[in-house]
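Following: one structure in structure tokens, then a few remarks.
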Amino acid sequence: MAEPRKIIIDTDPGQDDAAAIMLALGSPEELDVLGITTVAGNVPLSRTSRNARVVCELCGRPDVKVYEGAERPLLRQLITAEHVHGKTGLDGPVVDEPVMKVQDQHAVDFIIETILSHEAGTVTLCTLGALTNIALALQKAPDIAPRVRELVMMGGGFFEGGNITPAAEFNIYVDPDAAKIVFASGIPIVMMPLDVTHRVLTYKSRVEKIRAIGSRPAVAMAEMLEFFERFDIEKYGSDGGPLHDPTVIAYLLRPELFKGRDCNVEIETASELTVGMTVVDWWQVTGRKHNAKVMREVDDQGFFDLLTERLARL
Ligand code: BDR
Ligand code: CA
């Protein structure tokens, strides 16, 4: 059997980030989580670092190493999303405060050291929040770029527009300058935009299947999803909210669930109206170099079956 794929999860939990972490930790045969790096985004950094550890402990994995990263975007004020995720970022279940500690090493240094110390082409970056830590790592050690196997991100939107402004998706909007650096880095990128994530909806029947697993992490996840979806149900008028971040991990486990194409993607950083927009050359009209595989279609039921199966393994 093939060695599990080595991944670093860069994240700002967030209930949907928590689902992504659980999906990864429930898949040890395929994925080796070298570390979790935190970034400010959905909530401030101290909370995302706390939440990452809460999730690891819920999964019975206090051994997972959590590294704290950037407190704010490269050049801009931090924008947070408590209106979606609640005050703690992980509202929903009652959870214990984590006992495990964050590592002493800064997340950016951990990312650099890990990529340089592993064989080139073996470490995959999974980004579930603003791209600040990755951009800082690229600025500090540009030689990491050609050594990264792949960067799979939740971010952006094109046909679907934005979710924090009409043009911009939240993760890119929080730190568009970082996103610009990452998209120009030459790292092979796979992008899970809103075009995909708005199709994986937490229907009640799906949440109930997760709750019915009955384990502590699964019940906590069902409670998180119930909290998380209330905002989106109102916003989109659907029977469930989009479950963005676990699409990144699902792609590593079952890439055939997704369909997309290689494109050029540029990030808008100047216009006040459209800052944070991912300008995707889907129809290949510019001749600009491809720098990302942009996903557009998903087998949503296949995705939820996978998530439920792996949560049951925790
Ligand atoms: C993204 O923004 C965050 O609120 C979610 O965790 C997800 O990563 C969706 O736009
Ligand atoms: Ca996130």
Side-chain angles (χ1 to χ4, degrees), residues 8-24 36-45 47-52 54-55 66 69-70 73 78-92 107 125-134 151-176 178-179 182 190-202 221 224-225 227-232 235-236 240-251 267 275-278 294-295 298 303 307:
I8 295 173
I9 302 178
D10 189 76
T11 176
D12 63 338
Q15 292 89 348
D16 61 324
D17 301 71
I21 294 169
M22 287 190 183
L23 179 55
I36 295 179
T37 53
T38 60
V39 66
N42 284 325
V43 284
L45 184 68
R47 288 199 194 272
T48 61
S49 297
R50 168 217 181 243
N51 294 349
V54 165
V55 177
V66 175
L78 176 66
I79 295 150
T80 54
E82 282 89 354
H83 61 293
V84 184
H85 300 272
K87 191 161 175 285
T88 67
L90 218 54
D91 281 17
L125 300 173
C126 302
T127 66
L128 314 177
L131 290 158
T132 320
N133 287 336
I134 312 301
L151 186 155
V152 188
M153 71 165 69
M154 191 282 134
F158 192 60
F159 296 97
E160 192 73 2
N163 60 355
I164 184 79
T165 74
E169 179 279 327
F170 181 77
N171 289 341
I172 305 292
Y173 184 74
V174 170
D175 200 342
V182 171
V190 177
M191 180 172 147
M192 290 294 167
L194 296 176
D195 306 276
V196 164
T197 67
H198 278 182
R199 274 157 196 79
V200 286
L201 298 175
T202 55
M221 180 44 57
M224 283 185 218
L225 295 180
F227 180 88
F228 182 52
E229 68 184 12
R230 92 219 176 287
F231 171 80
D232 285 319
K235 178 170 168 190
Y236 301 109
L243 192 50
H244 309 278
D245 290 341
T247 58
V248 166
I249 305 297
Y251 174 76
I267 309 297
V275 65
M277 182 176 181
T278 44
V294 179
M295 294 302 170
V298 55
F303 165 84
L307 178 66

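Heavy-atom basis, side chains included; hydrogens, waters and symmetry copies ignored. Counting starts at 1 for both ligands and their atoms, in listed order. All values derive from a computational prediction rather than experimental measurement.
Distances from the Ca ion (ligand 2) to the N/O/S atoms of Asp12 are shortest for OD1.
At the top of the distance list for atom 8 (O) of ligand 1, counting protein heavy atoms only, stands Asp245 OD1, 2.7 Å. Regarding atom 4 (O) of ligand 1, its nearest protein heavy-atom neighbour is Asn42 OD1, 2.5 Å. The protein heavy atom nearest to atom 5 (C) of ligand 1 is Asp16 OD2, 3.2 Å.
Checking only distances, Glu169 does come within under 3.5 Å of ligand 1, N or O to N or O. Any N or O atom pair closer than 3.5 Å counts here, and Leu128 shares at least one such pair with ligand 1.
In this structure, Val84 falls outside the shell of residues with a heavy atom less than 4.0 angstrom from ligand 1.
Distance alone, capped at 3.5 Å, places no donor-acceptor pair between the Asn42 side chain and the Gly89 backbone. Panel note: side chain Thr48, backbone Val39; a donor-acceptor pair is recorded below 3.5 Å.
Comparing heavy-atom distances from atom 2 (O) of ligand 1 across Asn171, Val248, Thr48 singles out Asn171 as nearest.
Considering Thr165, Leu194, Ile164 in turn, Ile164 is the only one that fulfils the side chain to side chain contact (heavy atoms under 4.5 Å, CB included) rule with Phe170.
Close approach of ligand 1 to His85 is summarised as follows: ligand atoms under 4.0 Å from at least one heavy atom of the residue are 3 (C), 4 (O), 6 (O).
Rounding to the nearest 0.5 Å places CG of Asp17 at 12.0 Å from SG of Cys126.
By the 30° and 60° cut-offs, the orientation of the rings of His244 relative to Phe228 is perpendicular.
At a threshold of 3.0 Å, the Ca ion (ligand 2) has no backbone or side-chain N, O or S atom of Ala20 nearer than that distance. The Ca ion (ligand 2) has an N, O or S atom of Asp245 inside 3.0 Å of it.
Residue contacts with ligand 1 for Asn163 involve side-chain atoms from C-beta outward but no N, CA, C or O (heavy atoms, distance under 4.0 Å).
Under 3.5 Å, the side chains of Ser49 and Thr38 contain a donor-acceptor pair of N or O atoms.
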